[in-house]
Structure formats: C-alpha cells, structure tokens
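Indexing begins at 1, ligand by ligand and atom by atom, following the structure's order. Sequential numbering from 1 along the given sequence is applied to the chain's residues.
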Amino acid sequence: MSESVPVIPESAPFTPEQRAYLNGFLAGLCSRGSVATAPRQASATIPLSILFGSQTGNAEALAKRAANEARKLGFTPAVHDLATYAADQLPSEHRVLVITSTYGDGDPPDSAKPFWERIRNGTAPTIADLQYAVLALGDSSYPKFCAFGKAVDERLEAMGGKRAHARLDCDVDFETPFASWIVTALQALSGSSNGTAGSHSQPSTLNSQLPQYSRSNPFPAPLIANRKLNAPGSSKDTRHLAFSLEGSGLEYEVGDALAVRPCNCPELVGELIALLGCSGSDALNGVSVHHALLHDYEITRVPAAMIKAAGERCADDTLRQLSGADLNKFVHGMDVLDFIRRYPQAKFCAADVALLKKLPPRLYSISSSPKAHPGEVHLCVGIVRTEFGGRPRKGVCSTFLADRVPSDATVPVFVHHNKNFRPPSDPSTPMIMVGPGTGIAPFRAFLEERRAIGANGKNWLLFGDQHAATDFLYRDEIEAMMREGTLARLDTAFSRDQDEKIYVQQRMLEHARELFAWLEDGAHFYVCGDANRMAKDVDRALHQVIETAGGRTAEQAADYIRQLSSAKRYQRDVY
Ligand SMILES: Cc1cc2nc3c(=O)[nH]c(=O)nc-3n(C[C@H](O)[C@H](O)[C@H](O)COP(=O)(O)OP(=O)(O)OC[C@H]3O[C@@H](n4cnc5c(N)ncnc54)[C@H](O)[C@@H]3O)c2cc1C
Ligand SMILES: NC(=O)c1ccc[n+]([C@@H]2O[C@H](COP(=O)([O-])OP(=O)(O)OC[C@H]3O[C@@H](n4cnc5c(N)ncnc54)[C@H](OP(=O)(O)O)[C@@H]3O)[C@@H](O)[C@H]2O)c1
Ligand SMILES: Cc1cc2nc3c(=O)[nH]c(=O)nc-3n(C[C@H](O)[C@H](O)[C@H](O)COP(=O)(O)O)c2cc1C
C-alpha cells in the first residue's frame with residue numbers, strides 16, 4: 001500500500017476483518033485512481049463467470065462477494081457451482097474466475113469432482129479464448145496446501161487458457177488476502193491495469209451491506225447447556241452444548257455448521273508471555289500482547305514462518321529447508337511454547353508474535369433443528385485432550401467450550417451455511433445416515449427436522465463409538481425415535497466391546513442387500529465425522545455394497561456412486 005493511500009483508523013467502529021476489508025478496498029480504488037478522481041461511467045459491461053468449488057461454503061461465500069465487487073467494476077458476473085457447471089461450456093467463456101477449496105489429501109471438494117474428472121485429462125475441451133484467475137482456499141496445516149486450486153490453475157493453462165492474474169493461495173485466515181487480491185484480479189480480467197472496465201461506486205454502502213451478525217461480527221450467544229454425553233468410565237469427553245440465538249436474527253437450516261471464535265487457554269498464554277520476556281500489557285498492533293495471544297493468534301501450532309525465522313537466526317539449514325510433509329512431521333504435536341523453548345538461540349520476543357497465524361474460528365455441525373428448538377442452536381463436540389512431551393495438551397476451541405465458558409456467559413458465533421449437506425427436499429425420500437462419534441451431530445438435526453415436519457420418508461442411522469455402556473451418544477433420544485417410528489432402522493458398531501474392532505462400515509457390509517435396496521428406492525446416503533479414516537473406509541464399503549449386492553463391476557459401482565454424488569444423493573460432512 002503506498003503512503004498516500006487512506007486507511008481506516010483503528011479507532012473506527014469496525015472489527016479487524018471489516019477494517020482489513022475496507023483498507024483492501026481503498027487500496028484497490030487508489031491503485032485505479034478512483035479515490036482521487038470521480039468514478040467513471042460504465043461504457044459496456046463485461047461478462048464474467050465466477051466458478052466455485054466448495055465443501056463447507058467458504059469458497060461459495062467468496063464467489064458471491066467477488067460477484068458484488070465485479071458488478072461495481074462494470075462486469076456482469078454469473079456465479080456457478082462447479083457441481084452443476086458443465087466443463088464443456090468453458091470454450092465459450094472469455095473471462096473466468098475460479099474460487100475453490102481443497103479437501104481430502106489435496107483433492108477437490110466433493111461437489112467439484114465431476115468437473116475435475118472432465119478437465120483433468122487429454123480429452124478436455126480447448127479454451128484458447130479464455131482468460132482466467134484462480135483463488136485457492138486451503139489450510140497450510142495440510143501437507144498438500146491448496147493443491148486442488150493449484151491443479152486447476154495449471155490445468156486451465158495447459159488447456160490453452162491465459163492466466164490473467166497470478167493465483168492466490170489462501171490459508172484459513174483468508175479475509176484480508178481475498179479483499180486485496182479480488183480487486184487486482186478483476187482489474188486484470190477487465191484487460192485494464194487502471195480499472196476501466198466500467199464504473200465503480202464509492203464504498204459508502206459497504207457497511208450497510210454487512211449483515212448484522214456474521215463472520216466479521218459474530219453474535220455473542222449465551223451458552224445455555226453444557227452436558228457430558230459420555231457416562232462415567234468412558235475414555236472420551238463428548239459434550240452436548242446449546243446456545244441461545246434469541247435476538248440475533250441468525251437463522252440456520254439443518255446441515256449448516258456453527259462457527260465458534262474461541263480464546264486460547266489463559267495459563268498457556270501466561271507461560272508464553274513469560275518465555276517471550278515481555279509484559280502482557282506491552283502494546284502490539286494497538287492491543288496488548290496478552291489480548292493478542294489470548295484472542296487473535298494460534299499458539300498451539302507452530303507456523304512455517306516461525307520455523308523459517310528460527311532457521312535464519314540460528315543459521316540452521318535443516319530448519320530453513322523444511323517444507324511440505326516434512327515440516328508437518330517436524331512440528332507434529334509441538335506448540336509455540338515447545339518450539340521457543342527448543343530454539344533459545346533464536347531469541348523470540350514479543351514482536352515475533354506477528355509470525356503466528358491468526359486464530360481461525362472452528363466449525364461444528366449443528367445438531368438441532370430450528371423447528372424443534374426455536375431460538376436455539378445445539379452442538380455435539382468431542383473435547384480434544386492429549387499429552388505430548390510430558391505436558392497435557394488441550395484443543396483450543398473444544399476445551400474453551402467445555403471448560404472455560406461459564407454457564408450463561410456468551411460465546412462469539414456465526415452460522416456457516418452448507419447447502420451441500422441437506423436432507424432430501426422430498427420428505428418421502430429415504431435417508432441413510434452414517435455418523436459415528438460426533439458424526440451423529442447433523443443426523444440428530446435431520447431426524448428432529450423430519451419429525452417436526454411429519455416427513456414420511458424412511459430413516460436409517462448407523463452409529464458407532466467405543467463402548468455401548470458409556471459412549472452411545474444421545475441414546476435415549478435415538479431409542480425414542482426408534483420406538484415412535486422416526487427411525488426405521490438403527491445399526492450400531494461399538495468398536496471396543498469385543499476383542500475385534502467393529503466399525504460402522506462392517507454393518508453396511510452385513511446389510512449390503514438392504515442398503516442397496518434402499519439406494520435403488522432413491523435413498524440419499526450421508527456420512528459425517530472423521531475424514532482421515534472413517535469416511536474413506538465407508539466410501540470403500542459403499543463401493544463394495546454396490547458391487548456385491550448390486551451385482552456391479554468395480555467400474556460400474558464407481559459410476560453408480562458418481563451418479564449418486566452428482567444427483568446430490570451422496571453427501572458428506574467430514575472433518
Ligand atoms: C465442517 C466441520 C464440521 C465439524 N463438526 C464437528 C462436530 O460436530 N463436532 C466436533 O467435535 N468437531 C467438529 N469439527 C471439528 C472442529 O472444528 C475442531 O477441529 C475440533 O473441535 C478440534 O478443535 P480444537 O480447537 O479443540 O482443537 P485444536 O486446537 O484445533 O487442536 C486439534 C489438534 O489436535 C489434534 N487432534 C485431534 N484429535 C486428536 C486426538 N484424538 N488425539 C490427538 N490429537 C488429536 C489434531 O492433530 C489437531 O492438530 C468439525 C470441523 C469441520 C471442518
Ligand atoms: N477423540 C478426540 O479427542 C477428538 C475430539 C474432537 C475431534 N476429534 C476428531 O473428530 C473426529 C471425530 O471424533 P470422535 O471422537 O467423535 O469419533 P471417532 O474418533 O471418529 O470415533 C468414533 C468411532 O469410530 C471408530 N472408528 C475409528 N476408526 C474408524 C474407521 N476407520 N472407520 C469407522 N469407524 C472408525 C472409533 O473406534 P476406535 O476409536 O475404537 O478405533 C469409534 O468407535 C476425528 O477426526 C477425531 O480426530 C477427536
Ligand atoms: C477434512 C478436510 C480436509 C482438508 N484438506 C485440505 C488439504 O488437503 N489441503 C488444503 O490446503 N486444505 C485442506 N482443507 C482446508 C479447506 O480447504 C479450507 O478449510 C477451506 O477454507 C474450505 O473451504 P470451503 O468451505 O469452500 O470448502 C481441508 C479441510 C477439511 C475439513
């Protein structure tokens with residue numbers, strides 16, 4: 001940002017995200033001269049297709065915001081979900097913005113898989129007239145950071161497209177980088193470095209466009225229930241949490257997630273301040289070091305920037321060269337306190353707090369139907385408590401919710417809509433739900449919703465956890481749903497009640513014929529919970545069910561599942 005660019009002062013009544021957004025916006029305007037001069041009138045509008053690939057809604061939300069920005073610059077944007085966008089349309093496009101996240105092990109989000117299948121190989125259409133730019137969303141704690149966005153960017157170039165603007169790879173804290181990038185990307189796509197695509201209205205309406213409670217302005221929701229769902233003797237601590245949304249105007253649908261902005265553990269913050277050799281009241285970017293470490297920065301993971309800094313300061317080539325999977329392996333289990341203690345020669349001090357990553361909100365699948373619990377939202381949260389190097393470790397948000405929020409105190413939350421995870425719109429369509437552990441959360445909501453609307457579709461739940469006696473989450477409610485007929489079928493897999501582990505996918509295979517019959521009857525198939533192992537194994541079991549009970553070859557079964565996905569009959573909410 002040049003020195004002459006006006007900035008929104010920190011005293012202005014905006015959250016840091018709003019301020020960053022507005023500053024990015026002003027920077028964009030200044031780089032086009034739009035602040036100094038009156039906005040130009042549009043001479044013509046430029047069609048722009050904005051394609052998004054999203055699992056949990058971040059890319060979709062940014063695509064919609066990109067469309068708003070594009071409109072102001074004189075484009076006529078059309079926003080398309082890659083789930084329904086035909087890749088064969090690409091040759092007729094001239095300007096395309098792709099905004100996509102990455103999932104699995106560097107894979108596309110589920111909804112973008114058919115698009116990727118179509119463009120990834122030599123039979124893809126040629127796109128000589130296409131100018132494009134890619135915004136990749138990801139999380140640098142995964143080894144394949146933004147891998148799918150990178151792959152799309154390279155593939156579009158290989159297909160003959162012209163990269164109008166360099167790709168931006170965004171980490172979990174994507175608001176500020178997005179706000180600056182979108183302005184320059186749109187300028188580049190307009191074919192004009194000074195933004196002559198059309199008119200640009202002043203950002204006077206920006207504030208009024210921001211919804212009252214949102215990601216940038218979370219609602220302080222009173223915590224009205226915090227109940228342990230595991231019985232004494234369990235090795236797990238899973239909580240039923242309820243918040244009041246009264247007066248917030250926030251609305252959600254079943255399938256949505258609630259985002260929670262946590263605080264770090266105050267004891268850990270205290271230890272870190274002592275180690276940094278400063279006082280908690282020292283100032284850092286307009287707040288105290290204590291405030292910054294408590295609210296703003298992730299202190300339980302060591303960021304790459306801190307490792308690089310230690311590499312430089314200690315002239316340690318091993319540290320300097322660490323990247324990708326090696327870097328993740330090196331920092332696994334370590335927190336910032338461990339790292340600073342391990343490298344005293346790096347002399348980390350209060351100013352180095354800026355090397356840390358911003359503390360991102362955590363998402364939780366909503367476990368209630370608003371029809372069953374008006375004015376409330378419920379969650380089912382697994383509390384992360386582990387031990388590493390002789391010190392107990394606590395998941396930031398799960399222990400914040402379980403241990404550090406007093407009853408009736410408020411927690412900053414916002415709704416994260418997820419239209420890719422919804423019960424069937426036809427209430428008579430059958431549902432099969434596979435939700436071990438906390439994966440039960442959205443299915444409690446789906447079932448409550450179906451009961452509230454009197455849906456007559458059959459419902460089948462497959463649930464699993466360690467022990468029936470202690471870990472059968474929401475047992476009373478689930479058994480009541482069986483008795484009253486809301487649930488037509490319930491299969492459980494308690495993994496540690498016998499010598500051999502039994503998992504939900506084993507139940508799928510045992511009941512393969514019935515499961516296949518439900519699918520043939522139009523059932524939607526849902527999976528929620530652990531992404532690393534469970535969701536992959538359940539997917540494999542689904543292939544096996546279709547092969548064995550459906551009499552299909554492996555290739556036919558894969559095709560059957562692809563069709564289920566593209567018909568939105570196979571939906572996953574995995575983490
Ligand atoms: C779309 C979505 C929906 C989600 N829904 C739910 C939900 O309904 N319920 C729910 O509980 N969570 C859910 N999560 C996960 C949730 O967002 C958090 O990631 C989780 O609560 C951990 O956050 P934390 O801040 O407590 O832990 P963090 O401070 O983020 O620490 C977690 C760290 O602990 C490690 N870890 C995790 N589990 C273990 C373990 N068993 N043993 C050792 N180390 C471990 C991980 O490597 C990770 O680095 C969802 C996530 C997404 C993306
Ligand atoms: N445990 C925690 O402290 C904690 C807290 C918050 C979030 N998380 C994360 O959130 C997700 C869900 O955690 P959770 O505690 O609700 O449930 P979970 O750890 O997924 O366990 C639920 C059940 O699934 C079983 N399971 C393990 N591997 C499986 C596989 N490959 N296929 C099918 N089932 C399998 C477990 O058995 P076994 O355990 O007997 O193998 C258990 O019976 C995981 O990603 C987990 O890492 C964990
Ligand atoms: C189960 C899971 C797997 C993920 N895998 C990756 C990954 O391999 N690489 C990456 O950069 N980000 C990964 N992410 C992070 C997401 O891409 C990131 O949270 C993104 O903002 C989500 O955007 P969306 O809501 O539009 O899907 C993963 C997230 C989850 C929950």
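- Taking distance alone, with nitrogen or oxygen atoms compared against 3.5 Å, E60 stays at or beyond that limit from ligand 3.
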(request) Would you sort out whether F446 and F421 count as a ring pair (Phe, Tyr, Trp, His ring centres under 6.0 Å), showing the intermediate values? (result) CA-CA 10 Å; F446 281 23; F421 199 72; 5.4 Å; yes

(message) Between F443 and F463, is the ring pair (Phe, Tyr, Trp, His ring centres under 6.0 Å) condition met? List the steps.
(response) CA-CA 10 Å; F443 303 136; F463 172 76; over 10 Å; no

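- Every protein residue with a heavy atom nearer than 4.0 Å to ligand 2 is included here: K236, G382, I383, V384, P436, G437, T438, G464, D465, Q466, S495, R496, K501, Y503, Q505, D530, R533, M534, D537, Y575.
- Both the backbone and the side chain of A59 come within 4.0 Å of ligand 3, counting heavy atoms alone.
- The closest approach between any non-hydrogen atom of A147 and ligand 3 is not below 4.0 Å.
- Only the side chain of Y142 comes within 4.0 Å of ligand 3, counting heavy atoms alone; its backbone N, CA, C and O stay farther away.
- In this model, no donor atom of one side chain and acceptor atom of the other lie less than 3.5 Å apart for S111 and K568.
- Within 4.0 Å of ligand 1, counting heavy atoms only, the contacting residues are T56, T300, R301, R362, L363, Y364, S365, C380, V381, G382, V384, T386, G395, V396, C397, S398, T438, A441, D573, Y575.
- Remark: ligand 3 and C146 share an N or O pair separated by less than 3.5 Å (distance only, no angle test).
- Under 4.0 angstrom from ligand 3, the non-hydrogen atoms of V574 all belong to its backbone.
- In this structure, of G106, G53, A531, S140, the residue bringing a heavy atom nearest to atom 1 (C) of ligand 3 is A531.
- Under a 4.0 angstrom heavy-atom cut-off, P109 registers as lying outside contact with ligand 3.
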